[in-house]
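A short write-up of the structure that comes next.
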Amino acid sequence: MKCRFYLLDINEGRWDSKPSVQLWGLDQKNRRVVIVATQIAPYFYFLPDEKDDPAPIREKLLSDKSTFPKILSADIETKKLLGRLRTVLRITCSDSEVVSDYAKKTRKAVGRGESFEDDLRLSLRYIIDLMLTPCGWHELDVEIKKFDGVNVDQAYEAKTAPRSVEDEDTPDLRILAFNVLAVAERGSAKAERDPVKAVVAATDSGRMRTFVAESENDSKVLEDFAGFVIEYDPDIVVGFENNKVDWPYLIQRGKARKVRLAVGRDGSDPHTSMFGHVSVTGRANLDLFDVAGGIPEIKVKTIANMARYLQVPSAEKISTIEEADRYNLWIDESGRSKLIQYLRANAQVLLELAQATIQYPMQLGAVTGLPLDQVMAAAVGFRVDCYLVRKAHQIGELIPRRNEQPFYTYRGAIVLEPQTGVHDDIAVLDFSSMYPNLMMKYNLSPDTLVKEDEKVSKESVFVITEVEHRFRKEPAGFYRIVLSELMDQRAIVQKELEEIGAKSTRYRVLKERERAIKIITNACYGYAGWAGARWYVREVAESATALGREAITKTIQKAEWMGLKIIYGDTDSIFVRNEEKKIDQLRKWAMKELGLEIRIAHEYRRVIFTEAMKRYAGLLPDGRLDIVGLEVVRGDWSEIARQVQEQVLVSILRDQSVDKAITNVRETIRRLRNNEVAIADLTIRKTLLKPIEEYRISAPHVEVAKKLLKQGWDLGVGDVVGYVIVKGAGKLFQKARPYNQVKPEDVDVEYYLENQVKPAAMRILERFAVSEKQLEVNFPAGQQPLGVS
DNA sequence: AAGGGCGCACTTTTGA
DNA sequence: TCAAAAGTGCGC
């Protein structure tokens with residue numbers, strides 16, 4: 001019988017002592033299904049040295065039963081290595097576990113030659129071999145089977161290989177959001193010591209369950225929560241930092257209490273898997289923290305900030321309770337109910353956040369080929385990697401291993417010195433997808449790169465000026481193939497988007513697909529220059545930036561020759577006077593001469609530059625401010641400094657009043673001096689970018705982190721440390737305190753005045769001949785003329 | 001178990 | 001006292 005199913009999760013295992021993969025998903029009747037495929041042959045490729053004949057090697061491997069008892073077959077095939085046809089042995093094994101070991105032993109037995117694709121896991125192997133689409137539909141012939149302990153509506157055994165089919169439907173997925181509460185008198189709760197106090201789960205069917213521990217024994221909470229997951233049987237499980245915090249905590253508590261959290265659809269426990277994420281078999285466990293990570297507008301990644309940014313229905317109901325306050329709330333009866341309310345509100349918001357954002361991970365999964373639960377946990381490089389692995393397989397390219405490579409830096413893009421001051425009516429022009437287009441146009445690719453000593457005719461190659469790298473014009477290189485396909489896909493999506501209404505579900509799906517395609521497209525340049533990439537070729541990235549520099553330089557020359565004054569430029573953009581005719585002419589020229597499309601990214605009614613590159617603020621036609629690079633948009637400045645700078649920018653750009661700006665700054669200074677500014681607005685946040693012990697200097701956030709560690713808090717790489725500067729003698733790092741351990745009267749007001757508020761305000765005001773003295777309250781307000789550009 | 005790239009501004013510490 | 005180094009987070 002036929003089965004059409006939507007692929008939600010995939011895992012590998014053994015079935016009847018054979019390697020197998022399980023495909024978990026939903027069918028068209030919205031039944032939860034699992035399909036077990038056992039007709040799978042794990043394999044790897046062996047590429048003999050060019051001097052060696054593959055046939056005797058084949059015989060040798062097949063006959064050596066003591067070393068290779070699990071080799072099923074060795075077939076001589078033709079594959080490509082960087083575009084060149086090569087004869088390889090495809091060595092098929094009866095067990096996926098031996099693949100990488102056999103690859104090593106083969107290299108040893110033969111003495112020379114290379115192995116390929118022995119590093120691909122069986123589930124990934126299966127996905128790419130059959131071109132399966134995570135979060136997409138598939139069809140195959142199946143036979144109904146009964147599998148013990150598997151909790152689905154229908155289980156099948158695969159009779160044929162599944163094939164991906166076009167289907168616009170998105171099945172009705174059940175979502176469960178959860179969060180876990182554990183408290184400690186001092187510092188972070190530790191799973192080996194502090195039991196779980198409560199778990200709250202909310203479902204998209206409108207159910208909300210609160211499991212509270214009646215005593216120190218949390219066995220029942222764990223059992224009840226697991227029971228609820230199994231009962232509701234969600235397809236998607238979400239939380240916030242659930243990969244790093246909630247699941248690991250529950251898993252460890254489960255071990256301590258000997259309670260099994262058999263929440264997988266096959267009855268298995270949640271377990272840590274690829275990219276440090278937690279996998280729940282048969283479901284997609286998703287961490288909304290990773291989703292927030294992909295939204296740069298959300299500066300401090302918290303549930304509340306994410307909810308506010310996305311404006312989910314319950315965003316207003318959410319509050320924040322500091323981890324440090326939870327213990328005291330818990331031991332008090334009314335505090336406890338407040339805490340439970342907080343958890344419930346969080347769970348509800350998490351659910352809504354999942355509903356609001358789930359399409360993007362789904363589309364990113366479908367585009368890259370990474371399963372839904374892995375795709376957001378994977379860094380950008382690994383998403384590109386997975387996409388390229390699929391495409392390589394498709395065109396018969398051997399997939400190189402990711403290995404440690406020497407690392408070279410190379411020259412990047414051009415940034416222009418800005419014309420300092422205020423400018424009216426400015427257009428920002430940029431090249432659309434500059435690097436991808438240049439990579440395609442000049443066929444920049446690992447397989448088209450001509451080696452230094454190689455002789456080729458001049459006409460057959462592109463020579464990249466300055467860096468002198470050469471790339472064959474024909475045939476199309478790997479990156480050209482991949483990028484063209486991505487660009488084409490995006491164009492198709494964009495065309496359909498234009499045709500359908502903005503309110504339909506389909507529109508939202510396509511919008512997210514477009515975003516996913518764009519992200520992968522734009523990441524290819526960086527990927528090519530990343531030493532950890534499978535297709536790392538410095539020359540490709542180096543040539544792309546060289547061509548980029550050439551393109552923008554030529555454009556600047558042309559613009560200036562046309563009489564268009566350049567105010568500023570960075571990488572692929574130039575800021576010019578908004579003169580429609582000339583801009584139009586420049587666009588036509590760029591299309592013809594450079595083969596690049598120039599678009600007007602946006603227009604500014606006014607824009608202000610300091611002397612610094614990459615820092616400016618512009619007034620958009622609708623009255624909003626576009627603030628770039630300045631303290632306002634930096635997360636490592638106090639809120640008070642950012643606010644004061646934003647007010648200055650608003651006064652100057654929108655109201656065109658320096659006086660008003662000065663008045664605002666004075667008011668902030670007054671509030672500071674009067675201790676009227678909340679500690680939260682004085683907190684400075686910095687991320688720990690490496691292990692504490694590796695820091696060579698004493699920085700404030702590092703010292704505070706050490707202090708917190710001593711107090712029993714868990715802190716490590718990637719965590720953000722919030723601190724406040726207090727009065728006292730010594731270096732700054734000696735005066736930094738954890739933000740929640742500071743009393744208002746201890747704040748070092750002078751520091752905030754001199755090192756936060758004034759510098760942030762003066763950065764802008766000094767352009768208008770305002771002196772620091774004028775910011776002090778006792779100085780009379782004078783008439784300040786607007787600075788001229 | 002998990003780095004896309006380089007260019008730049010800016011603050012604070014370090015060490016001569 | 002001061003330049004260099006360390007460190008962070010941004011722009012594109």
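Protein chains get the first letters and strands the later ones, always in sequence-line order, with residue 1 at the start of each. Note that the coordinates shown come from a computational prediction; the quantities given were computed from them, not determined experimentally.
Counting only heavy atoms from C-beta on, A:His701 has its side chain closest to C:dT8 among C:dT8, B:dA9, B:dT13. Checking C:dC10, B:dT13, B:dG5 against every side-chain atom of A:Tyr525, the shortest atom distance belongs to B:dG5. Of the candidates B:dT11, C:dA6, B:dG4, the closest approach to any side-chain atom of A:Trp637 belongs to B:dT11. Of the candidates B:dA2, C:dG11, B:dT11, the closest approach to any side-chain atom of A:Phe275 belongs to B:dA2. The side chain of A:Asp572 lies closest to C:dC12 when the candidates are B:dG4, C:dC12, B:dA9. Listed candidates were C:dG7, C:dC12, B:dT13. Nearest to the side chain of A:Lys690 is C:dG7. Closest to the side chain of A:Val415, from the set C:dC10, B:dC8, C:dA6, is B:dC8. Of the candidate nucleotides B:dG4, B:dG7, B:dT14, B:dG7 has the atom lying nearest to any side-chain atom of A:Arg411. Side-chain proximity of A:Phe733 to B:dT11, C:dT8, B:dT14: nearest is B:dT14. In this structure, the nucleotide among B:dT13, B:dG3, B:dG5 sitting nearest to the side chain of A:Lys731 is B:dT13.
Atoms CD1 (A:Ile552) and P (B:dC6) sit 19 Å apart, rounded to a whole Å. Atom pair A:Ile684:CD1 and C:dG7:C1' shows a separation of 14 Å (rounding to whole Å applied). At whole-Å resolution of the value, CD1 in A:Ile414 and C1' in C:dC12 are 13 Å apart. Atom P of nucleotide B:dG4 and atom CE of A:Met439 are separated by 16 Å, given to the nearest angstrom. Atom CD1 in A:Ile764 sits about 15 Å away from atom P in B:dA9, given to the nearest Å. Between A:Asp636 atom CG and B:dC8 atom P the separation is 19 Å, expressed in whole Å. One can place CG of A:Leu416 at 12 Å from C1' of B:dG7, the figure rounded to the nearest angstrom. To the nearest angstrom, P of B:dC8 lies 15 Å from CZ of A:Phe609.
Figure legend: cation-pi geometry between A:Arg538 and A:Tyr408, with NZ or CZ positioned under 6.0 Å from the six-membered ring centre and within 45° of its axis. A cation-pi arrangement is not found for A:Lys686 relative to A:Tyr723, the charged atom failing to lie both closer than 6.0 Å to the ring centre and inside a 45° cone about the ring normal.
Using a 4.0 Å heavy-atom cutoff across all strands shown, A:Tyr568 reaches no nucleic acid atom at all. The residue A:Gly629 sits close only to the backbone: its heavy atoms come under 4.0 Å of sugar-phosphate atoms, none of a base. Residue contacts shown for A:Ala379 are limited to sugar-phosphate atoms, with no base heavy atom under 4.0 Å away. Residue contacts shown for A:Val384 are absent, as no nucleic acid heavy atom lies under 4.0 Å away. Heavy atoms of A:Ala541 sit nowhere under 4.0 angstrom from any nucleic acid atom. Using a 4.0 Å heavy-atom cutoff across all strands shown, A:Val702 reaches no nucleic acid atom at all. The residue A:Gly381 sits close only to the backbone: its heavy atoms come under 4.0 Å of sugar-phosphate atoms, none of a base. Across all strands, A:Met274 comes closer than 4.0 Å to base atoms (heavy-atom distances). Counting any heavy atom pair closer than 4.0 Å across all strands shown, A:Ser573 reaches no nucleic acid atom. Across all strands, A:Trp535 comes closer than 4.0 Å to no nucleic acid atom at all (heavy-atom distances). At a threshold of 4.0 angstrom between heavy atoms, the contacts of A:Lys614 include nucleobase atoms, whether or not backbone atoms are also involved.
For B:dC10, the OP1/OP2 oxygens have a side-chain nitrogen or oxygen of A:Arg763 closer than 4.0 Å. Residue A:Ser698 places at least one side-chain N or O closer than 4.0 Å to OP1 or OP2 of B:dT14. Distances shown here put a side-chain N or O of A:Asn755 below 4.0 Å from the OP1 or OP2 atom of B:dT12. Contact check, A:Thr687 against C:dG9: a side-chain N or O comes under 4.0 Å of OP1 or OP2. The side chain of A:Tyr695 places an N or O atom within less than 4.0 Å of a non-bridging phosphate oxygen (OP1 or OP2) of C:dT8. Between C:dA6 and A:Arg696, a contact under 4.0 Å exists linking OP1 or OP2 to a side-chain N or O. Contact annotation: A:Arg615 side-chain N/O to B:dC10 OP1/OP2 distance is under 4.0 Å. Between A:Tyr751 and the phosphate of B:dT12, there is a side-chain N or O to OP1/OP2 separation shorter than 4.0 Å.
Each of A:Trp530 and A:Ala699 was matched to the nucleotide of DNA chain B holding its nearest heavy atom; the match closer to the 5' end belongs to A:Trp530.
Residues A:Leu619 and A:Tyr604 have side chains not in contact (no heavy-atom distance under 4.5 Å, counting atoms from C-beta outward).
In this structure, A:Glu241 does not pair ionically with A:Lys301, as no charged nitrogen and carboxylate oxygen lie closer than 4.0 Å. Salt-bridge formation is detected for the pair A:Lys554/A:Glu550: a Lys NZ or Arg NE/NH1/NH2 atom is positioned less than 4.0 Å from an Asp or Glu carboxylate oxygen. Ion pairing between A:Arg402 and A:Asp119 fails under the 4.0 Å rule for side-chain N and carboxylate O.
Rounded to a whole angstrom, the distance from the C1' atom of B:dG4 to that of C:dG11 is 15 Å.
When each of A:Arg763, A:Lys758, A:Arg642 is checked for a salt bridge (Lys or Arg N to Asp or Glu O under 4.0 Å) with A:Glu631, only A:Arg763 meets the rule.
Note: A:Phe382 and A:Trp530 have perpendicular aromatic rings, judged against thresholds of 30 and 60 degrees for the angle between ring planes.
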